[in-house]
Amino acid sequence: MPRITLPDGSVKEFDAPVTALAVAESIGSRLAQAAVGAKVDGELADLSTTLTKDCALAIVTPKTRDGEADPDALMLVRHSCAHVMAEAIERVVPGAQLVYGPALETGFYYDIAFPEDRHLKEGDFEAIEKEMAKIVKEDRAFTRYELEYGEGIRKLDGEGSKYKIDNAHRAHEAGSLSLTWYATGEPGKDWEDLCRGPHVPNTGRIGAFKIMSLASSYWHGDENSDRLTRVYGTAFFNKKDLNEHLTRLEEAKKRDHRVLGKQLQLFHFDEAVGQGLVLWTPRGSIIRKELQDWIGTELRKMGYSDVFCPHIGKLELYKTSGHFPYYSDSQFTPVMDREFIHRVADEGCSCSELSNQISMGQVEGYLLKPMNCPHHIKIFDSQPRSYRDLPVRLSEFGTVYRWEQSGELNGMTRVRSFTVDDAHLFCREDQIGDEVRGCLRLVKLAFETLGLTDFRVRVGLRDPDSAKYVGTAEVWDKAERACLDAAAELGAKVSEEPGEAAFYGPKIDFIVRDVIGREWQLGTVQVDYNLPERFDLWYTGADNTKHRPVMIHRAPFGSMERFIAVLIEHFAGAFPTWLSPEQVRVLPISEKSSAYADEVHAALMAAGVRASVDHSNERVQAKIKHGAEWKIPYLLVVGPRDAEGGVVSVRAFGEEKDLGAMPLGDFVAAIADEISSKGETNVRARMSPAGAGT
RNA sequence: GCCGCUGUAGCUCAGUGGUAGAGCGCACCCUUGGUAAGGGUGAGGUCGAGGGUUCAAGUCCCUCCAGCGGCUCCA
């Protein structure tokens with residue numbers, strides 16, 4: 001006699017076990033018609049689930065009460081569509097073996113092992129989608145049935161798919177006593193798949209779908225295991241939602257920093273230079289330089305000292321730091337010492353022996369620096385330090401080199417040479433809290449100034465059960481506390497991640513999501529007990545004995561390359577005036593106003609504003625369109641009327657209409673303020689009646 | 001690194017074995033135009049590189065390079 005509690009708190013009682021669908025029907029026929037699944041005690045389930053005991057039940061429909069798409073319903077339709085796609089693929093490519101096909105936040109995928117002589121191609125999508133459409137049209141019911149584990153395994157053994165058998169084993173290991181199948185239609189007659197479910201009731205509920213892309217994956221994510229083909233798709237309850245989704249993807253693509261970087265001429269990659277090596281073009285360099293100058297100023301206010309270091313250092317240095325040869329796979333090959341090369345040549349050492357020696361660290365020479373810390377450590381260590389000198393804060397926009405795998409390179413977010421807004425703080429243990437807090441203060445200031453709010457903070461703590469960590473438990477406790485407290489002050493989403501600390505200390509990472517939904521780690525703050533030990537760093541304490549300092553590595557933005565990539569997407573290429581490569585463009589209405597345009601231009605340049613004149617032989621309409629394409633913050637239309645009155649007609653980016661005319665001197669003053677205040681004040685405010693003349 | 005896809009003018013792309021195309025951009029000419037594309041003319045390509053098949057290759061095959069989507073990795 002199940003008592004069913006509904007989301008509104010009401011309770012329905014039934015005399016006998018009842019399906020979720022029947023409960024929906026008892027509430028209303030329209031609900032039952034719309035229903036695609038159920039949530040039983042918070043667990044997503046089939047609509048056909050029989051409820052035998054008291055439970056909380058929510059009927060899942062495509063839209064929630066507020067008319068928003070229901071994420072649970074989307075999971076159901078996508079998982080179901082994965083089955084439909086799998087069936088279609090098996091029809092199109094006989095011999096394809098299904099491996100694993102889950103729903104995702106934005107769609108679904110199915111990992112499939114294809115016969116060696118028949119790989120799936122994008123050209124197959126059309127045929128597959130056609131088959132899928134047939135299956136959807138047939139409106140077959142997803143029918144669940146269950147077999148006792150041993151019986152289920154016998155069935156799978158008969159079918160001979162090692163992947164399915166593996167899935168069954170895993171389910172068993174996870175504690176499942178039985179195995180479930182879903183037939184798309186009638187068991188034993190129609191297509192079926194070993195599957196936990198749940199699904200929508202019928203294929204007909206899949207209103208719209210699309211196969212998106214192909215990718216590869218490894219079985220169990222193990223690169224030594226079978227290579228599988230991952231087919232990505234997405235599904236919705238109706239065509240409109242699918243189209244909106246596709247439009248969103250298009251919009252996101254327009255914000256993609258790789259697209260905008262090319263279009264706005266911010267950076268360039270050149271085959272002749274090398275993969276993953278960024279060339280900063282003049283426009284992009286302006287953005288980077290503005291950011292660096294600004295951060296640099298803030299750092300000096302916070303008591304940092306600028307240092308400069310070479311891009312290479314002796315291998316021995318990195319052996320001391322532990323970076324070499326341990327991380328040699330992700331470093332550029334060492335720059336060999338001439339003597340060493342000669343000796344190797346004389347000894348007739350083969351390439352493989354040489355590479356062996358490199359990986360063993362038995363080489364002499366120089367390394368392109370994979371990190372800045374060893375150089376900074378040597379600066380710290382260049383003179384004796386007293387406890388009174390601490391903290392010592394050494395900062396540098398230091399360029400580092402890492403041999404990322406070629407498949408990993410990605411625009412400016414993953415490159416082989418990048419510049420870290422790096423600093424290393426050398427402090428006493430009792431100073432860690434203040435120093436970590438200081439690091440985060442800068443991050444907060446920067447993110448707030450730039451309007452970056454969509455980021456999260458991850459605090460990596462030690463795994464209490466592991467002994468791999470350097471330093472005592474009390475010291476760790478204090479450092480972890482300091483990191484957590486400081487992170488909490490940021491006001492962003494903070495997650496504690498035990499076991500994610502580096503072996504040498506706890507860390508704070510800042511993670512930003514890009515327009516395509518990928519997450520990128522930007523900055524990091526890491527407490528380090530290890531390197532001071534390795535380099536035998538010390539300072540003289542108040543007690544006149546040697547003490548070990550603690551190091552803090554911190555790079556609030558991580559790499560300038562990745563940070564600016566995120567900024568490009570964040571601003572969709574329309575940078576705030578202070579960062580914009582071209583802040584103002586003067587648009588003379590005709591050649592007759594050329595001279596006045598030059599005058600305006602000169603006044604702007606004299607005030608340090610980055611400005612240009614569009615002297616092209618176009619009508620002003622076209623000049624405005626081009627100005628908008630370059631996402632220039634202000635366009636000044638100047639014609640005879642303006643020249644006469646000594647004014648400029650102002651157009652701001654993103655505004656459909658112009659803001660009206662203002663005296664040239666006022667505009668220059670207003671934009672200079674906007675730039676120096678980083679947008680706290682702006683030209684528009686000065687043009688409003690309240691702001692006029694002040 | 002691995003799998004798949006892609007590579008044609010500065011940019012975006014069309015071109016499935018038979019004399020290389022479009023739009024934008026660029027140059028020049030006309031136009032001197034007041035708020036999101038005025039008109040005309042022209043220049044610009046070893047079709048990513050190398051090899052092969054063929055009477056004939058941008059097009060088919062192989063190798064390499066680069067980009068993209070993933071997987072693995074990310075001190």
Side-chain angles (χ1 to χ4, degrees), chain A residues 109 111 113-114 119-125 212-232 253 256 258-259 262-263 265 268-276 318 321-324 326-331 370-374 400 402-411 413-416 420 502-504 507 509 516 518 520-521 524 526 528 530-531 553 558-559 562 587-594 616-629 635-642 649-651 653-661:
Chain A
Y109 68 79
D111 277 345
F114 285 96
H119 283 280
L120 199 69
K121 292 188 175 125
E122 276 175 19
D124 296 319
F125 288 2
M212 301 297 289
S213 61
L214 285 177
S216 82
S217 62
Y218 300 108
W219 195 26
H220 300 165
D222 174 4
E223 71 175 302
N224 298 314
S225 189
D226 298 5
R227 264 193 306 271
L228 308 171
T229 301
R230 181 167 293 182
V231 190
Y232 282 88
K253 210 177 151 194
D256 188 320
R258 294 164 300 190
V259 174
K262 190 175 264 185
Q263 194 181 316
Q265 294 174 8
H268 172 66
F269 290 93
D270 200 291
E271 276 188 40
V273 175
Q275 260 190 310
Y318 299 97
S321 71
H323 294 121
F324 190 88
Y326 189 61
Y327 292 111
S328 62
D329 280 351
S330 48
Q331 287 163 186
M371 292 197 114
N372 295 307
C373 16
V400 298
R402 298 183 191 181
W403 188 260
E404 301 288 356
Q405 294 184 47
S406 66
E408 262 318 313
L409 298 171
N410 188 293
T413 49
R414 198 76 185 267
V415 290
R416 282 183 174 160
V420 184
F503 72 91
Y504 51 75
K507 61 179 184 176
D509 292 328
I516 311 167
R518 290 175 299 203
W520 295 99
Q521 184 186 317
T524 175
Q526 304 186 2
D528 186 351
N530 175 49
L531 284 179
H553 308 248
S559 92
R562 182 178 291 178
L587 314 181
I589 272 173
S590 76
E591 257 170 52
K592 288 175 186 160
S593 303
S594 227
S616 70
N617 191 7
E618 290 286 352
R619 296 171 65 183
V620 71
Q621 287 88 332
K623 292 183 183 183
I624 287 168
K625 180 163 191 290
H626 295 147
E629 277 165 0
L635 301 176
L636 303 182
V637 176
V638 296
R641 285 210 300 270
D642 304 282
S649 296
V650 184
R651 252 193 105 97
F653 181 81
E655 301 283 334
E656 276 190 35
K657 296 182 77 175
D658 70 318
L659 302 179

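Source: prediction; values computed, not measured. Order of the sequence lines sets the chain letters (A, B, ...), proteins ahead of strands, with each chain counted from 1.
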A:Gln405 side chain near B:C73 phosphate (N/O to OP1/OP2, under 4.0 Å): no
Reckon [X] touches a base, only the sugar-phosphate, or nothing at all at heavy-atom distances under 4.0 Å?
X	result
A:Thr229	nothing
A:Gly274	nothing
A:Gln263	nothing
A:Phe269	nothing

Given the [atom1] atoms of [N] and [M], what is the spacing between them in whole Å?
N	M	atom1	answer
B:G44	B:C26	C1'	9 Å
B:C24	B:U63	P	41 Å
B:G39	B:G21	P	24 Å
B:G45	B:A22	C1'	14 Å
B:G18	B:G10	C1'	30 Å
B:A14	B:G42	C1'	23 Å
B:U46	B:A56	P	23 Å
B:U8	B:C60	P	15 Å

Generate the contact string for nucleotides 33-44 of chain B. Rules: B means base contact, S means sugar-phosphate contact only, - means no protein heavy atom under 4.0 Å. BBBBBB------
Kindly compute the distance separating [atom1] ([X]) from [atom2] ([Y]), expressed to the nearest 0.5 Å.
X	Y	atom1	atom2	value
A:His626	A:Ser616	NE2	OG	7.5 Å
A:Ile624	A:Glu629	CD1	CD	12.5 Å
A:Arg258	A:Asn410	CZ	CG	5.0 Å
A:Asp642	A:Leu636	CG	CG	9.5 Å

Note: A:Arg230-A:Asp111 ion pair, threshold 4.0 Å (strictly below): yes
Nearest-Å distance for atom pair [atom1]/[atom2], residues [X] and [N]:
X	N	atom1	atom2	result
A:Lys262	B:C68	NZ	C1'	11 Å
A:Arg414	B:G69	CZ	C1'	16 Å
A:Gln265	B:G25	CD	P	14 Å
A:Leu214	B:G70	CG	P	12 Å
A:Asp256	B:C11	CG	C1'	16 Å
A:Arg402	B:G1	CZ	P	19 Å

Checking B:C74, B:G69, B:G1 against the side chain of A:Arg416 (C-beta onward), the nearest is B:G1
Among B:G70, B:A75, B:G1, find the nucleotide with the atom closest to the side chain of A:Ser406. B:G1
Correct closest heavy-atom pair for A:Ala215 and A:Tyr232 would be CB-CE1, 3.9 Å
Taking N and O atoms by type only, does the side chain of [X] place a donor or acceptor under 3.5 Å from a partner on the base of [N]?
X	N	answer
A:Tyr109	B:G69	no
A:Ser330	B:A75	yes
A:Arg230	B:C3	no

Can you tell me which stems RNA chain B forms, taking runs of 3 or more consecutive Watson-Crick or G-U pairs with both distances under 3.5 Å? B:1-7 with B:65-71, B:10-13 with B:21-24, B:26-30 with B:38-42, B:48-52 with B:60-64
Is it true that, when you exclude A:Trp219 itself, more than 12 heavy atoms of the residues, nucleotides or ligands shown sit nearer than 6.0 Å to its CH2? yes
May I ask you to decide if A:Pro370's main-chain N or O and A:Arg402's side chain share a donor-acceptor pair within less than 3.5 Å? yes
